[in-house]
**Q** 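Below is the structure I would like to discuss, written out as structure tokens.
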Amino acid sequence: MPSSPDHKRGRPSEIPEPQPPEHTLRSPRDSPSSSIPEFDTSISPPSFGSKTTLSSSETRLPITPPTSSISKSRSGSGLRKQSRDRSFASSRDTSPSIPLSDSNQECRQTIVRSFAPRVAVYASPDTEEFIRQKGFHGGLYTLLRPYGERLQGRVIIRDSVGSSKGWDDFGVRFINGQELQRSSARQVEGGSTDLETRSLPNGSQSLSEHRNRSRSDDFTTVIDRLLSQQLHTENAIFDSSKGDYFDYGGRSYEPRPAGSPLYPFYLRKLLSSAPIVPYETFSHPVACMITVSSRHPAPIEALRQLYENTCQGFNKTPTWISTEYLRYYVLIHDEENDDITKTTALFDLMKRHFGLHCHLLRLRSSQCVQTDDDSTRVPSSEWLSAEEEIKQIRSRDYTVDIEDSEKYILESDVTAIGALLREMVAQSIVPFMESRIMTWNDQVASRRRGFSGRFMSLSKRWTGFGSSKVAAFGPGGASTASGSNYDVQRGFYPPETPEAIMRQLADYAFLLRDWKLAHSTYDFLRTEFSHDKAWSYHAAVNEMVAITSLLMSQTYNLKYKMEAIDQMLDTAAYSYLTRCSMPSNVVRCFTLAIELLKNRGTLAADDAARLGGKLLDFGILDPVAQAMTSERIADCYMSRASVIVPNAGTRRRQAALWNILSADSWIKLDNPVQARLCLTEASALYRLRDQQIAGPPFLSMQGFWQKLDRALGEAHNAQSLVDTGVGAGHLEYSTIEETEQLSAFTRPVNAEVVDTEGFTSQDASRPHPNASYDTPLQRDSSE
Amino acid sequence: MSYYFCIVGTQDQPLFELEFGTSKQGGDGVARFSQEARQMNPFIVHSSLDFVDELQWTNSQMYLKRVDQFASSHVSTFLTPTSTRFMLLHLPHPPNTAPQSTPSPNSFPPFTPYTSTPASTTTAGRSSSSSTTSIPNNPTSPQTEEAIRAFFGEVFEIWMKAIMSPFASVEGKLGSPVFRQRVVAAGKKYL
């Protein structure tokens, strides 16, 4: 850690009361007329006054880790901030680590990792200029993001009961501060969907209309576009030499790899593309990083300016984002052009002004190329949202030189950034979140949960106990009439209300992987939100209760629990679909539930498959997602296919059905490779090889089977045509072209298979292409 | 409603298959499965045998009621003492009408399950006006359940008579035209 000595040396063990800026600003570069931004953690929620964090409640354990030192930074102010020196990967930590690298475990890990605290980056213009010189045109956050996703070492987190646990895969996500403000402003303009859907009748007719209308800006459609793009490139690079024509007689059968290779990608995109919304705070920033470089003539002033930008001013974040997040100040030192002694002096000054959450980052300013000594490639970001990914692909397509897409950076810079992120996460963000959880749990949650809290809320709700009752029953005065804090007009809870704070508490607990606390808090909020008719909140909270309860207990033996989870998922789906028209959230919610259930072994896989069927029945999945979900269902059933469970049959036949269905979908999506895998699997499940029979068990299945088979054969022929005919440069283009030509040629024979628009209703009076299928029934019925 | 009825032997082989439509509510007794749906039907029925196998150990009744659902199709089952299974797939839709709209690409399965014109032109379409008791289109309603129970009961009787023939075996295909006629009549009577 190159910069930590400076930091340690400069850290005071006791900082006096915040003083007026006129006294503290001694730097010649600073204008004296500034007011120092309040250190953010000292802002307490207005309704709870200044109670100390360290209350003597018996549920709260003292937060001092036995081996670490506490330095109280601000004893004078109401809230105390504990800054613990934590060590990563400390040997004295006895907590269990997560079991790694089980193939079944992978999806669960993806899910857990996807919920990471967000850090908004606000950089001064000179910093952006500096970073651009290094070759990162997207700004500072693009440089930090890949490293934030993979923090080196283990992060130790203490949960609400005081036991600490180390996590190797903890990470943070950097988002662009300006973009955060912009995107959320756009959403506010969009209006509160909650309100406008309220007026709709709950008939299915209006639902489908509504769904169609709102689909255009959904993130699942963006994901779908991205996926189909990926599919085509995948097809283009497909090496047909190793995949010979599908025949179940000749080749030895190999079990299909679980899921298509695209599935993890799809899952990641689904998890990382959620927009910033009021009803869940996962995408709200937990902290923000305010950055200035040593080039700036008045750095302190600049920092103060940036700080003010984050909480007020013209382009502030929308009102439903709580402004009480952590501010972290970073000073970037230019190793090549600036004097380190001057920068250190400046950094000391900065620490005196802004408290402990400061870091000095020393970077070289010159751009690094591949041929430099100790240059390393900048890893690509794993959690790009679908929209960003599409943008990236597009820009890659249009830029001429390939060099631009691969960035290089010096090894020393990597270690500097790594040290910054480690220190920021371990010493600032995680302790900050822990103390927030503790405070909120003490002051808000336990009060609401207790008997008197319930009594109060009940009496507020049912009797005219409060004062604001009289405004009552006018149209729009509904929120005050019910005595709730829900703002019906604008469709959200203001961030300082107990409900919003509890939601944030639960989300923080979830981000810190304290499932138990998160679960109980979500569970409590469920009734609150349904009383207030805050449907988007209600749906989101139901979703999270289901997911936390799936994450929480590792053993799956509770049948009754599944019923509760089912019910909550149904409620969430209903609220999302009919009341708020947010189909993307339903997709995310169910996909998560399917993965988490599948993770729990063979018995739960059955439930997972059932949920998958339900998800498909909603009719909200895009074609690629549909294919992947049906394949996932097949996977779930396949895990049951060979296992003999007492009192429960196998699921061989179900697995076969879903394999057939996904093969059909893949053919429609023009992905013969995956379709072939599915069909091979299905034929194995139908025991075609064992019985030496030419067809599936029912004679009437022949028609469909042969149709799939033939479509695959055609796709194969098209592939080989391309391979022999054209050069590699035109591969992708001509694959599509050839397939289209072929399909146009064969369309009279089997239009349903090849035609991608074959969803339209079929004219059944047309002569049937598959005589072999129709004969038995026709003959029978004519008799 | 359109029906696909199948008798499945113990080795999962189909012994008898029949498609017919509802005769109640002015239906003409003709199945209106669309082309794709007709092709999917045997797959669906075959896959729900998984659930039948599981249910038969916990349910002492011969009529297992609705065992499975795939998209809008429902599958009801009757289990004979010899483990021959009567599977009835029923697809609810208004009689004699075309679907209102083409399905969106996001619906699953991505085709309309039924059409306005009968799928198999050979089944004689006679309009029966004997709609005294109406079966609602809701496949989960108790009326539907009862109607299917009555249908299964009658088919069970016919089936027993058919396999009691010294020339028939339990696992053999049921090709007798008389048997077929009787099943069609039972379908017309109850469904």
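Numbers restart at 1 for each chain; the letters A, B, ... are given by sequence-line order, proteins then strands. As a basis for the values below, the full set of heavy atoms in this structure was taken, side chains included, without hydrogen atoms, waters or symmetry mates.
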**Q** Shortest non-hydrogen contact from A:Leu657 to B:Ile44?
**A**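 In this case the closest contact between A:Leu657 and B:Ile44 is CD1-N, 4.2 Å.
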
**Q** Please flag which part of B:Val52 lies under 4.5 Å from any non-hydrogen atom of chain A: side chain, backbone, both or neither.
**A** neither

**Q** Below 4.5 Å from any heavy atom of chain A, which atoms of B:Asp68 appear? Answer side chain, backbone, both or neither.
**A**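 Looking at B:Asp68, just its side chain touches chain A.
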
**Q** Using every non-hydrogen atom in the two residues, find where B:Ser47 and A:Arg653 come nearest and quote the distance to one decimal.
**A**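 In this case the closest contact between B:Ser47 and A:Arg653 is CB-O, 3.6 Å.
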
**Q** With under 30° as parallel and over 60° as perpendicular, where do the rings of A:Tyr637 and B:Phe51 fit, or are they tilted in between?
**A**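 Answer is perpendicular, since the angle exceeds 60°.
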
**Q** In this structure, are over 12 heavy atoms from other groups packed under 6.0 Å from A:Arg610 atom CZ?
**A**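 Counting other residues, nucleotides and ligands, CZ of A:Arg610 exceeds 12 neighbours.
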
**Q** Should we say atom CD of B:Glu171 is surrounded by more than 12 heavy atoms from elsewhere, each under 6.0 Å from it?
**A** yes

**Q** Please round to the nearest 0.5 Å and tell me the distance separating atom CE of B:Met40 and atom CD1 of A:Ile660.
**A**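 Those atoms lie 7.5 Å apart.
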
**Q** Determine whether the aromatic ring centres of A:Trp705 and B:Phe43 lie less than 6.0 Å apart.
**A** no

**Q** Distance from B:Gln39 atom CD to A:Asp664 atom CG, nearest 0.5 Å?
**A**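 Separation between the atoms: 9.0 Å.
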
**Q** Taking the side chain as every heavy atom from C-beta outward, state whether A:Arg651 and B:Glu54 have any atom pair closer than 4.5 Å.
**A** yes

**Q** Quick check: closest heavy atoms across B:Asp50 and A:Arg652, and the distance to 0.1 Å?
**A** OD2-N, 3.4 Å

**Q** Please check if the number of heavy atoms outside A:Lys614 that lie under 6.0 Å from its NZ is greater than 12.
**A**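 Counting other residues, nucleotides and ligands, NZ of A:Lys614 exceeds 12 neighbours.
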
**Q** Let me know if B:Phe16 has heavy atoms under 4.5 Å from chain A in its side chain, its backbone, both or neither.
**A**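 Contact with chain A is absent: no heavy atom of B:Phe16 under 4.5 Å.
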
